> 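Structure incoming, see below.
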There are 2 protein chains.
Amino acid sequence: MAGTRRRGVGRGRPTLEEVAARAGVGRGTVSRVINGSPRVSDRTRTAVEQAVAELGYVPNRVARALAANRADAVALVIPEPETRLFAEPYFSDVICGVGAELADTDLQLLLTLIRTPKERQRFAEYLSAHRVDGVLLVSVHADDPLPDLLERIEMPAVLSGRRSAHESVPYVDSDNAGGAQSAVEHLLGRGRTTVATITGPLDMYVAQCRLDGYRAAIRAAGQEVDPDLIAPADFTEEGGRRAMRELLRRRPHVDAVFAASDVMAAGARQVLREEGRRVPDDVALVGFDNSAVARHMDPPLTSVRQNTEEMGRAMVRVLLEEIETQGDRTSKRPQLVLPTELVRRGSS
Amino acid sequence: MAGTRRRGVGRGRPTLEEVAARAGVGRGTVSRVINGSPRVSDRTRTAVEQAVAELGYVPNRVARALAANRADAVALVIPEPETRLFAEPYFSDVICGVGAELADTDLQLLLTLIRTPKERQRFAEYLSAHRVDGVLLVSVHADDPLPDLLERIEMPAVLSGRRSAHESVPYVDSDNAGGAQSAVEHLLGRGRTTVATITGPLDMYVAQCRLDGYRAAIRAAGQEVDPDLIAPADFTEEGGRRAMRELLRRRPHVDAVFAASDVMAAGARQVLREEGRRVPDDVALVGFDNSAVARHMDPPLTSVRQNTEEMGRAMVRVLLEEIETQGDRTSKRPQLVLPTELVRRGSS
DNA sequence: CATCAACCTGGGAGCGCTCCCACACTACCT
DNA sequence: AGGTAGTGTGGGAGCGCTCCCAGGTTGATG
């Protein structure tokens, strides 16, 4: 919280004014050149560019931000109530995509981890205090107050994933239902007849979507959806174990399981081994996320891949558009759904 | 690269001046109260605090940064020449620690991914352009020009991990040698007689340290170090496979392997399975990093745990100290080594 | 040759803060 | 009473930029 003295590097760097003096022009003109305004004659532009090069001038972005009332930065917000969520490869991939897309911009990436209500409060103050031009929200829960807060203060924002079927805030999401459906179709296509599913927490929309995809595939194959083949869990390994035990109890002849996450699939696999069921011979297994866990299971796990990095990139593109059209109440809120892909491995 | 117009939220928020007017004091006084200066009478302070509360005043940090010539931000730099390196849980843990430690500060965290020399160039300009007060460098290679660049422009910086035994820049590192030693001692202690090691790329200091730890444990047990039991690899799964095959060829009676990373251990494990060697019955296996991979292997992998999150926290503390004592040429460069811990699982 | 739009250009004003100097005011000593 | 600290306080001067207006130049047009 301190207000300790910290003197930065760079005192003594050339300023706009010095460049202007050297080029024999006014401040305004240099500013126009720097910002690529077309209203500058070629001769002047060349002269300024040379002065910039000679002096090694780099604009002071803090001054620019103050004068122009913008931040040249976007925040990536990661709510992290449960531990380790951030360790999911999902996040790092999104971050990679975001970073890659941002590299072509002169925007900076601010990383904000929000663990407590107090930290959320702090973050809200940052927003008011003008620190960012827009916000990327990763994996918000349905009851997170942040999206609505952002909407209220008219801060451009993009979600990764929807909170519900009628999400009002711009978002980029994976085709969860489609991915789940193709996974289950794959199992049915390989001759499995009793395909169960282990779901995520059903108050999360993403879990609902994957379950919907499961149902759609079952029905498309002309089967009835058997509620006893649907075991809800919570995206954790332990949850996967419990759900698998439950499934074996209720439907001992189950011959395939679609788990809505790789981690739950890993839990299920352990139970199957304990119970002496071979994978894939007795029970075929498919996960979701195509995480590192999937590759390292024995046998390697078939899984639905989301193009997570592309999600990050798309989020940035959508956010930039939002920032651009800000205040323009007529513009539509962009909402994107990215395709998924089934990665086949030994488990199915 | 655009200079497109972006108008931020917050125009119309109260300023210092307005708070001063409301409290019936001067600007300077409000500034002193905000920054916790002791040179303010209690009465005045109370009046100002009340005005701040009534107006909902939040300091504009951009203006503050410009006036005070500091950034109130630190950059976390992640060089990422090879893909996926960032997906290692290592990074996310460090980031968590950094975020946690930074939460008590009014510093912001800037995330910078550097993939190409061009991006490094860009980053160097950022630094000159006054965007950050200090830099956290994660997993730099020995030949990375960044640390020296930072040193030259006197930008406070902290490394995670050393580049060599005589690192000049402040750093926070894990006790790699100690961790490796305890892993090998553990294997010897369980009666194994022929303990091999799969190393990382030996031009990386961290790989050297882990190898040194292996050698120390072997010698401490009164054995000679057999060069044929040392197989260099590159921290990849494929490298782990190759190294394991090589070891089996050279020393078929090997009964334990210490791999300098979990991922390499996973590769080794596959080869052992192919060759019909049971783990741990025929060959005991220990990894390093205690990553998710370790938990999901079959049997679960014994591994050396680094307190990665604490590394992140420590890095921030060291950096703050560096920023504080900046320019003070007499102050010592803080260098920290954090202990590791062996996590025992079924593979040994 | 006058007129006017279109185009460039310089530089004042100002973004919201910190820094610091100067000035009051008190308290305490000669 | 005169000095000498020490303590609070106000406000001018800037930080380095962008914004924008006025003014100058140019070239096409009547």
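As the structure is a prediction and not an experimental result, all values here were calculated from the model. Scope of the values below: all heavy atoms of this structure, side chains included, with no hydrogens, waters or symmetry mates. Naming convention: chains lettered A, B, ... in sequence-line order (proteins, then strands); numbering from 1 in each chain.
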> Does B:Asn35 reach the main-chain N or O of B:Ser37 with its side chain, forming a donor-acceptor pair under 3.5 Å?
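Checking the backbone N and O of B:Ser37 against the side chain of B:Asn35, no donor-acceptor pair under 3.5 Å is found.
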> Would you check if A:Leu136 and A:Leu319 make a side-chain contact, meaning some heavy-atom pair closer than 4.5 Å?
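Yes. Closest side-chain heavy atoms under 4.5 Å.
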> Any side-chain to backbone donor/acceptor pair from B:Glu101 onto B:Gly97? Under 3.5 Å, distance only.
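Not confirmed, B:Glu101 side chain does not pair with B:Gly97 backbone.
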> Who passes side chain to side chain contact (heavy atoms under 4.5 Å, CB included) against A:Asp144, sequence neighbours left out?
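A:Asp144 satisfies side chain to side chain contact (heavy atoms under 4.5 Å, CB included) with A:Pro79, A:Arg120, A:Val140, A:Leu146, A:Pro147 once adjacent residues are dropped.
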> Measure the distance from CD1 on B:Ile34 to P on C:dT18 and round it to the nearest whole Å.
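Computing the B:Ile34:CD1 to C:dT18:P distance gives 8 Å.
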> Rounded to the nearest angstrom, tell me the gap between atom CZ in B:Arg131 and atom P in D:dC17.
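From B:Arg131 CZ to D:dC17 P: 13 Å.
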> Has A:Ser31 got a side-chain N or O lying under 4.0 Å from the OP1 or OP2 atom of D:dT18?
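A:Ser31 to D:dT18 OP1/OP2: side-chain N or O found under 4.0 Å.
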> Okay, side chain of A:Asp133, backbone of A:Asp72: is any donor-acceptor separation there less than 3.5 Å?
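At least one qualifying donor-acceptor pair exists.
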> Calculate the interatomic distance between B:Glu17 atom CD and C:dG14 atom C1'; express it in whole Å.
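Nearest whole value for this atom pair: 12 Å.
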> Measure the distance from CG on A:Asn60 to C1' on D:dG16 and round it to the nearest whole Å.
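These atoms are roughly 6 Å apart.
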> Under 3.5 Å, which N/O atoms of the protein pair with N/O atoms of nucleotides 9-12 of chain C?
residue : atom : partner : partner atom : Å
C:dT9   : OP1  : A:Ser41 : OG           : 2.9
C:dT9   : OP1  : A:Thr44 : OG1          : 2.3
C:dT9   : OP2  : A:Ser41 : N            : 3.0
C:dG10  : OP2  : A:Gly26 : N            : 2.8
C:dG10  : OP2  : A:Thr29 : OG1          : 2.5
C:dG10  : N7   : A:Arg32 : NH2          : 3.2
C:dG12  : N7   : A:Arg27 : NH2          : 3.3
C:dG12  : O6   : A:Arg27 : NH2          : 2.6

> Determine whether a donor-acceptor pair (N or O, by modelled atom type, separation under 3.5 Å) exists between the side chain of A:Thr46 and the backbone of A:Asp42.
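Between the backbone of A:Asp42 and the side chain of A:Thr46 there is a qualifying donor-acceptor contact (under 3.5 Å).
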> Taking side chain to side chain contact (heavy atoms under 4.5 Å, CB included) as the definition, give me every residue that meets it alongside A:Leu109, ordered by chain and number, with sequence neighbours left out.
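With sequence neighbours excluded, A:Leu109 shows a side chain to side chain contact (heavy atoms under 4.5 Å, CB included) to A:Val74, A:Leu76, A:Val98, A:Leu102, B:Leu111, given in chain and number order.
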> Select one nucleotide: of D:dG16, C:dC17, C:dT18, the one nearest the side-chain heavy atoms of B:Asn35.
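So the side chain of B:Asn35 is nearest to C:dT18.
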> Roughly how far, to the nearest 0.5 Å, is CD1 of B:Ile78 from OG of B:Ser160?
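Nearest 0.5 Å value for the OG-CD1 distance: 9.0 Å.
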> Starting from the first five and the last five pairs of the helix from C:dC1-D:dG30 to C:dT30-D:dA1, work out the angle between the resulting helix axes, to 10 degrees.
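The end axes of the helix from C:dC1-D:dG30 to C:dT30-D:dA1 are about 60° apart, to the nearest 10°.
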> Without decimals, in angstroms, what is the distance between B:Arg70 CZ and C:dC19 C1'?
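B:Arg70 atom CZ is separated from C:dC19 atom C1' by 12 Å.
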> Separation of A:Tyr57 atom OH from D:dG16 atom P, in whole Å?
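My rounded result for the distance is 10 Å.
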> Answer yes or no: is there a side-chain heavy-atom contact under 4.5 Å between B:Val169 and B:Leu150?
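Answer no - side chains too far apart.
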> Just how far, in rounded Å, is P of C:dT18 from CZ of B:Arg64?
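The answer, rounded to whole Å, is 5 Å.
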> Between the protein and nucleotides 23-26 of chain D, which nitrogen or oxygen pairs come in under 3.5 angstrom?
none

> Do the side chain of A:Gln335 and the main chain of A:Glu167 share a donor and acceptor less than 3.5 angstrom apart?
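Such a contact is found between A:Gln335 side chain and A:Glu167 backbone.
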> Please list, chain by chain and in numerical order, all residues satisfying side chain to side chain donor-acceptor pair (under 3.5 Å) with A:Arg27, sequence neighbours excluded.
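Partners of A:Arg27 by the side chain to side chain donor-acceptor pair (under 3.5 Å) criterion come out as none, since no residue qualifies.
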> Find the distance A:Arg13:CZ to D:dG16:P and express it as a whole number of Å.
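Value for this atom pair: 12 Å.
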> Any idea which of D:dG14, D:dG16, D:dT18 is nearest the B:Ala67 side chain?
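Among the listed nucleotides, the one closest to the side chain of B:Ala67 is D:dG14.
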